[in-house]
Structure formats: C-alpha cells, structure tokens
Amino acid sequence: MDISTGLLLLLIGIIAGGYGTIVGAGGGFIFVPVLLMVFHLKPEVAAGSGLVIVLINAISGVVGYARKGQINYRMGMTLAFGALPGSFIGFWLLQLYSSNFFYILFASILVCLGIFLMMKNSSVTLKRKLAISEGDRDGLSLHKAEIESVDIPLVQSKWLLPLGFIMGILSSYLGIGGGWLLVPILIYLFHVSTHQATATSIFSLCIYSSAGVLLHLYYGSFDWMTIIWGGLGVMVGAQLGVILSQKIPGKVVLQMLSVLLIIIGFRMYLN
C-alpha cells in the first residue's frame, strides 16, 4: 500500500471515528462502504476489517464517554451479553451469503432507517413537539425529564437481551456494528436520552464486537494495512467526536445520522 492510500484511509478514519462516536454507531457504516466501493475489497474482508475499525473506534470512544459519566453500564452489559451469541451467527451467515445479497441487505436497512429518523426529526415534527411542550410545560416536560433520568423498567429491560442478540448478528454480518439501529431504538422505545443512548451504544459495541473480531481473525478475513491506517484515524476521530457531542443537541445528532444513512444506502444501491 502506498503512502497516499494510507493517508486517505487515515482521513476517512478520522471522519468515520468522529461521526460514528457522535451518533453512537462506531463509524463502520462509513468505513465499510468506502472499502467496498472505493478500495473494492471482498465483502467478507471489508466486513472483517471494518469490524476491527469499529472495535478500535468503540474502545477509544468509551474512554472519552466514561470520563463524562454518560454510560449506562448495566444496560450496556445486558445488551452485550445478548449480542455475543448473535455475533457467531452473524459470522456464519456471512460465510453463506455475501456478494449481491450483502449489498442489497446493507443498503435497504440503511435507507429505511435513515428515512424513519428524518421523518421523526423533521422541522414540522419538532415544531409540533415544541407546541405541545409549551402548552403543558409543567406536565409533559417534567415527565420527559423523569423518563430520561430513571433506570429502564423491568418490563422493558427484558427486551434488552433479544435486542442485543439482533445487534450481534448485524454487527458481525455487516461489519459496521449495530449502533446505527440500537441508538434510535433506545431513544424511541426505551426513552433514553440521546447522549446517554449514544454513549451506552458505544460501550456495548466495544464488548460484543470483540467476539466478531476474534472470529474474523481465526479465518483471516482482514486487510491489515487498512486496519492500521484506518485504526489510527478512528482513534483520533473518536476523541474529537466525544468533545463535539457535548456541544451538539440530541435532535441534531439524529438528523446527522439520518442524512448519512440515506446517502450511503443509495450509493450502495447504485454500486
């Protein structure tokens, strides 16, 4: 690999690491499409290399978020425990089904999720929520604040294990982690605040992506030069992402995620 290619991977890693840490998705959803479309790596090699990048990004992000005290460790551990067996199944599926199916599944999930997030966080929707909040400031606003600060009820926490299982499958199969799906679910179904959801997502991703990395390592599904240059980039980007996340409103974080998912999804379709 020549120096210009390495510097390009370094720059992509910084962007992916920063963006991925802000939205709680690990950066793989930027890095893997680039490996597929620009560097033309095989799907299994792109997934394996991308998952290592996701792990490096997650470890770096966890260090930053832990200092800020934004991680819900109990929730993150429960999700990770459910994701571990899913990681093995995701890797097995990748060995059976890749190629065109890999592109179609990846693109469809990204576009659907991006449209959903854009609709939920459009200016019209936000104005409606603001009007409701102003009309019942003492009731609804207080209730919302309480929801964001309390622990997840037992009725809801029982779904964390199967949710983690699905995240594990997607993480190993697509090589991009599962935070891009986990963060919206934690926010809209479990009523977790945006910044805590992103931090907890990165923490759980740090644990369960390790299993997928070990599997890919055993079968040699890596491009090591890509990992070295990209890994250096995401380590820098993750720390920048932690700093920027403190200055960006939660709604803006979700809008950033929705736009990027749609763009990448359509580019995967065209490819």
Side-chain angles (χ1 to χ4, degrees), residues 9-10 12-36 39 41 43-66 71 73 76-77 79-94 106 164-183 198-242 245:
L9 285 168
L10 181 70
I12 295 170
I14 293 174
I15 296 172
Y19 212 117
T21 301
I22 290 173
V23 301
F29 64 95
I30 296 177
F31 214 88
V32 173
V34 171
L35 295 181
L36 290 169
F39 296 96
L41 296 184
E44 59 271 19
V45 176
S49 302
L51 196 58
V52 177
I53 297 298
V54 166
L55 177 59
I56 296 172
N57 191 176
I59 293 173
S60 184
V62 163
V63 173
Y65 280 128
I71 301 174
Y73 290 101
M77 288 296 294
L79 287 165
F81 185 75
L84 287 175
S87 298
F88 290 92
I89 294 178
F91 180 81
W92 174 71
L93 289 174
L94 181 62
F106 195 177
F165 180 73
I166 296 173
M167 294 302 103
I169 294 176
L170 293 175
S171 178
S172 285
Y173 184 78
L174 298 177
I176 60 174
W180 46 274
L181 179 61
L182 178 59
V183 170
T198 55
T200 303
S201 171
I202 289 292
F203 172 69
S204 63
L205 180 62
C206 179
I207 299 174
Y208 68 75
S209 61
S210 301
V213 167
L214 291 175
L215 286 171
H216 282 285
L217 179 63
Y218 178 78
Y219 285 94
S221 304
F222 293 133
D223 185 307
W224 287 108
M225 294 306 297
T226 297
I227 292 171
I228 291 172
W229 284 100
L232 291 173
V234 296
M235 284 192 290
V236 175
Q239 296 307 308
L240 293 175
V242 171
S245 68

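We count residues from 1, following the sequence as given.
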What closest approach, in Å, do I71 and A66 show between heavy atoms, and which atom pair accounts for it? CD1-N, 3.8 Å
Going by the rule side chain to side chain donor-acceptor pair (under 3.5 Å), which residues pair with T21 if we only count those two or more places apart in sequence or in a different chain? N57
Only counting residues at least two apart or in another chain, list the ones meeting ring pair (Phe, Tyr, Trp, His ring centres under 6.0 Å) with F88. none
Could you state the interatomic distance from SG (C206) to CD1 (I59), rounded to the nearest 0.5 Å? 4.5 Å
Heavy-atom nearest pair, L55 first then S210, reads CD1-OG, 3.5 Å
So, for L35 and S49, which heavy atoms are closest and what is the spacing to 0.1 Å? CD1-CB, 4.2 Å
Considering all heavy atoms, the nearest A80-S204 contact: CB-O, 4.0 Å
Apply side-chain contact (heavy atoms from CB on, under 4.5 Å) to F165 and list each qualifying residue two or more places apart in sequence or on a separate chain. P85, I89, I169
Which side-chain N or O atoms in residues 222-241 pair as donor and acceptor under 3.5 Å with protein atoms at least two apart or in another chain?
| from | atom 1 | to | atom 2 | distance (Å) |
| --- | --- | --- | --- | --- |
| D223 | OD1 | M225 | N | 3.4 |
| D223 | OD1 | T226 | N | 3.2 |
| D223 | OD1 | T226 | OG1 | 3.1 |
| Q239 | NE2 | S60 | O | 2.7 |
| Q239 | NE2 | S60 | OG | 2.8 |

Hits for ring pair (Phe, Tyr, Trp, His ring centres under 6.0 Å) against F203, two or more places apart or cross-chain, chain-then-number order -> Y73
Can you name the residues that form a side-chain contact (heavy atoms from CB on, under 4.5 Å) with A83, not counting sequence neighbours? Y208
Look up atom CG in L205 and atom CG in L79, then write down how far apart they are to the nearest 0.5 Å. 11.0 Å
Any heavy-atom pair between the side chains of L9 and F31 that's under 4.5 Å? yes
Please check if the number of heavy atoms outside F39 that lie under 6.0 Å from its CZ is greater than 12. yes
If you compare all heavy atoms of A46 against all heavy atoms of L36, which two are closest, and at what distance to 0.1 Å? CB-CD2, 3.7 Å
